[in-house]
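As the structure lists them, so they are numbered: ligands from 1, and atoms in each ligand from 1.
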Amino acid sequence: MKLIIINGPNLNLLGKREPEVYGNETFETYFPLLKAKFKEIELEYYQSNIEGELIDKIQEVGFSYDGIILNAAAYTHTSVGIGDAVKAVLTPVVEVHISNTFSREEFRHHSYISSGAKGVVLGFGLQSYALAILSFLQE
Ligand code: DQA
């Protein structure tokens, strides 16, 4: 099984960025732990701060991979383009958020991704990514 985690803007700053919301761990230290936990999965990771690059990556992997785990970060709440890309591809997309976006500001309550996603996991810190991977294993 081949899965990819795609992270959007500012998630390259995990560990430094608002640690009270997003924790102290960087994704670069968490990703190898995830790979070790799910050895049977071919797991890739991609991050970009640029909307079009995220769309390009979704299109690139979206007809051949078994799953996309997408944290579009702030673009979740603004990007019709990423929402359309999620709907355009054949690979199922699980939307992930580290924080519970519904317990935060109102503008974070709407997602352009959710309607095209297979499911949504949010609010469990970095563990949200592990739970999203598990959802692909339990089919
Ligand atoms: C986030 C939530 C978004 O509202 C925010 O803009 C992010 C991160 C999360 O993982 O909790 O950058 O997607």
Contact atoms of ligand 1, heavy-atom distance to H77 under 4.0 Å: 3 (C), 4 (O)
From M1 atom CE to I133 atom CD1, the distance as rounded to the nearest 0.5 Å: 10.5 Å
Contacts of type side-chain contact (heavy atoms from CB on, under 4.5 Å), residue E28, not counting sequence neighbours: T26, Y45
Atoms in ligand 1 with a heavy atom of I98 nearer than 4.0 Å: 9 (C), 10 (O), 11 (O)
T76 near ligand 1 by a heavy-atom separation under 4.0 Å: no
Protein contact to atom 8 (C) of ligand 1 [nearest heavy atom, distance to 0.1 Å]: Y22 OH, 3.4 Å
N49/N12 under side chain to side chain contact (heavy atoms under 4.5 Å, CB included): CA gap, chis, key distance, verdict: CA-CA 8 Å; N49 293 321; N12 55 316; 3.3 Å; yes
N10 heavy atom under 4.0 Å from ligand 1: no
For atom 2 (C) of ligand 1, the protein heavy atom that lies nearest, with its residue and separation: T101 CG2, 3.7 Å
Distance-only side-chain donor-acceptor flag, E95 / T76, under 3.5 Å: no
Backbone or side-chain N or O of S99 under 3.5 Å from ligand 1 N or O: yes
Per-residue contact class, N71 against ligand 1 - non-hydrogen pairs under 4.0 Å: side chain
Proximity to ligand 1 by part of R108, non-hydrogen separation under 4.0 Å: side chain
Donor-acceptor contact present, side-chain Y129 to main-chain I5, <3.5 Å: no
Closest protein heavy atom (residue, atom, distance) for atom 1 (C) of ligand 1: H97 ND1, 3.7 Å
R17 heavy atom under 4.0 Å from ligand 1: yes
Polar contact flag, side-chain donor to acceptor under 3.5 angstrom, S64-K2: no
Min N/O separation L11 to ligand 1 under 3.5 Å: no
L137 CG to I41 CD1 distance, which is reported to the nearest 0.5 Å: 4.0 Å
Distance in Å, H110 NE2 paired with F102 CZ, rounded so as to fall on 0.5 Å steps: 9.5 Å
